[in-house]
There are 2 protein chains.
Amino acid sequence: MYTKTLTSRTKNDIPTSADRAYEIIFEKILSGELAPGEKLSIRTMSRLTGVSMIPVIEALHRLEYEGLVESFPRWGSRVVSLTPETVRDRNMLREAVECQVVRLLAEMGLSKEQEHQLRFMAEELDATPRTDERNSPFWKLHYEFHMKMAEYTGCQSLIRALHNVNLFHLLQRIVLLKPALHAKTLGDLHQKILGKIVAKDPDGAEKAMRDHIRVSVLTQQST
Amino acid sequence: MYTKTLTSRTKNDIPTSADRAYEIIFEKILSGELAPGEKLSIRTMSRLTGVSMIPVIEALHRLEYEGLVESFPRWGSRVVSLTPETVRDRNMLREAVECQVVRLLAEMGLSKEQEHQLRFMAEELDATPRTDERNSPFWKLHYEFHMKMAEYTGCQSLIRALHNVNLFHLLQRIVLLKPALHAKTLGDLHQKILGKIVAKDPDGAEKAMRDHIRVSVLTQQST
DNA sequence: AATCTATAACTGTTATAACAGTTATAGAAA
DNA sequence: TTTCTATAACTGTTATAACAGTTATAGATT
């Protein structure tokens, strides 16, 4: 699953109770079973996950860090609300990060191997029709392409921020699950972005990415 | 103090033990008493702060979220290390956020009151000589100007991300406490950025901000 | 019937103690 | 002196129980 947490455990490490609680709550949020805005009381989550209150608290903190949960002092936690303000907020952060990523890549230059890898992914992505169904292959490819670019910058902060906004975006799509409208491909949009990077044109790459994001935001809102 | 946490409590709320632990550890990190890279064991922090282990865990999570502490599964927490990679990483995130902020403001347009407020702050800032001393008024003004712009975007994610990179920057300055070299003003740099915003020139505003940040990074490294 | 009140069932917070694992140290064997 | 081993002192993790505060409900009073 491409929504796997970034704060992964060491490979030969047994998962802690907090890990288990995290994964259970995580899944239930992204499946819609725990709806946006729903209160997540510690004791309820404790019963739900089968662990005691303390690891639940840690799990909720992780989810808050990832942006799927919001907490208020002396009040508790809830699944993040999908208000217009929140959506705008995350889109602004996404734009900041994605634009910085492509600019950095255009300035650094890609290795031949990196370029081929991204080229391959961009071609497959641009050939895949975009639908609003859950589990549509488009979204998995889309996530992987954008994350791969972030990885190539070598900046952990950018990678993590992008991961978090992607999670939010995924939540948004699942909750607002709409009929599969405009199931068409996006032309060669991602290949064009990559072209600007390869041509070492930071301004052009950033502009192409920004246009891509804003169009995407508009179509989200209009459908 | 301009390093006060963003995750503030409600006004008439008594601080929790986790709040107290957070503030004590926070101060000790930013004063250098707890040095970058130093292990922060839960029991030691518990003795240090006078609260039990559980609120200490929460305090460390908050500090991790703010980027002052890094944790590893089944290992524990330490004050964030000031490696070249970490420094580059935060600078990249700063650039992404700051550039997005000025671009947004240039696209939205400022109200007359906002414009006057920023003008006032920019003039004061640009007239203040920059030194590397701790408690130099330059840094307080600098922080407040940049944060005020972020506030005017209305985007919580950008505000918080900027707050966090500012904390890291502050830690960096304090730890690498250098003699007060190049104690000169920066000309009218911030006023120029503001000018681009007021002129509703997103590309120009972003470029001016990016140049500002990169020059600032270079002078940090070279001195 | 409407309103006040007292009780019961929640809430987040946190101190304590115990479990399991790692690291360091000290003493014995080579 | 060096090496192995056993013990002691740590480490993060977490279950339990208790405290204080809020909310909702049910019963009594007006």
Side-chain angles (χ1 to χ4, degrees), chain A residues 5-26 28-29 34-65 68-81, chain B residues 5-26 28-29 34-65 68-81:
Chain A
T5 173
L6 273 190
T7 65
S8 59
R9 304 180 297 274
T10 326
K11 56 175 182 302
N12 49 5
D13 228 38
I14 53 167
T16 66
S17 298
D19 292 329
R20 295 203 306 275
Y22 167 85
E23 278 167 24
I24 292 173
I25 301 174
F26 179 93
K28 287 191 187 298
I29 290 177
L34 295 171
E38 185 170 342
K39 181 74 187 287
L40 302 177
S41 95
I42 295 175
R43 282 178 180 81
T44 306
M45 291 302 102
S46 179
R47 282 190 294 271
L48 184 70
T49 59
V51 306
S52 76
M53 295 169 62
I54 289 162
V56 163
I57 293 173
E58 181 176 333
L60 290 178
H61 279 144
R62 279 191 224 169
L63 290 163
E64 185 180 0
Y65 181 55
L68 288 178
V69 159
E70 49 192 3
S71 300
F72 307 94
R74 296 270 177 195
W75 184 87
S77 308
R78 67 180 185 199
V79 182
V80 65
S81 293
Chain B
T5 173
L6 273 188
T7 65
S8 58
R9 303 180 298 273
T10 326
K11 56 175 182 299
N12 48 5
D13 228 37
I14 54 168
T16 67
S17 299
D19 292 329
R20 294 203 307 276
Y22 167 84
E23 278 167 25
I24 292 173
I25 300 173
F26 180 92
K28 288 191 187 298
I29 290 176
L34 295 171
E38 186 171 341
K39 182 75 188 287
L40 302 176
S41 95
I42 295 176
R43 283 177 178 82
T44 305
M45 292 303 102
S46 179
R47 283 190 295 270
L48 184 70
T49 59
V51 306
S52 75
M53 296 168 62
I54 288 162
V56 163
I57 293 173
E58 181 175 334
L60 291 178
H61 279 143
R62 279 192 223 169
L63 290 163
E64 185 180 358
Y65 180 56
L68 287 179
V69 159
E70 48 192 4
S71 300
F72 307 93
R74 295 272 178 194
W75 184 88
S77 307
R78 68 180 184 200
V79 182
V80 64
S81 292

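Each chain gets a letter, A, B and so on, in the order the sequences are listed, and its residues count up from 1. This one's a predicted model, so the numbers in the text were calculated from it and none came from an experiment.
If you find the closest nucleotide of DNA chain D to I54(B) and to T44(B), the one lying nearer the 5' end belongs to T44(B).
Checking dA26(C) for Watson-Crick or G-U wobble geometry (two distances, each under 3.5 Å) identifies dT5(D) as its partner.
Atom-to-atom, CH2 of W75(B) to P of dT13(D) comes out at 12 Å; the value is rounded to the nearest Å. Taking atom CD on E58(B) and atom P on dT14(C), their separation rounds to 7 Å, with Å as the unit. For the pair I57(A) CD1 and dA15(D) P, the computed distance is 11 Å after rounding to whole Å. Between L60(B) atom CG and dT14(C) atom P there is a gap of 14 Å when expressed in whole angstrom units. A straight line from CZ of R20(B) to C1' of dT13(C) spans 11 Å, rounded to a whole angstrom. Rounded to an integer number of Å, the gap from I42(A) CD1 to dT14(C) P is 11 Å. As a whole-Å value, the separation of R47(B) CZ from dA9(D) P is 13 Å. Across the protein-nucleic acid pair, K39(A) atom NZ and dC10(C) atom P stand 13 Å apart, rounded to whole Å.
Residues M53(B) and R43(B) are in side-chain contact: their nearest non-hydrogen atoms beyond the backbone lie under 4.5 Å apart.
Taking every side-chain heavy atom of A18(B) into account, dT14(C) is the closest of dT14(D), dT14(C), dT11(C). Across dA17(D), dT16(C), dA15(D), the shortest atom-to-atom separation from the side chain of S52(B) is found for dT16(C). Nearest nucleotide to the side chain of R43(B), out of dG12(D), dT14(C), dT11(C): dG12(D). Side-chain proximity of T16(B) to the nucleotides dT13(C), dG12(C), dT16(D) is greatest for dT13(C). In this structure, the nucleotide among dG12(C), dT13(D), dT16(C) sitting nearest to the side chain of S41(A) is dG12(C).
Between A18(A) and R62(A), the closest heavy-atom pair is CB-NH2, 3.6 Å.
When each of V80(A), L34(A), L63(A) is checked for a side-chain contact (heavy atoms from CB on, under 4.5 Å) with V69(A), only L63(A) meets the rule. Evaluated for a side-chain contact (heavy atoms from CB on, under 4.5 Å) with S46(B), the options I57(B), I54(B), V56(B) yield exactly one hit, V56(B).
Rounding to the nearest 0.5 Å places CE of M45(A) at 10.5 Å from CD1 of I24(A).
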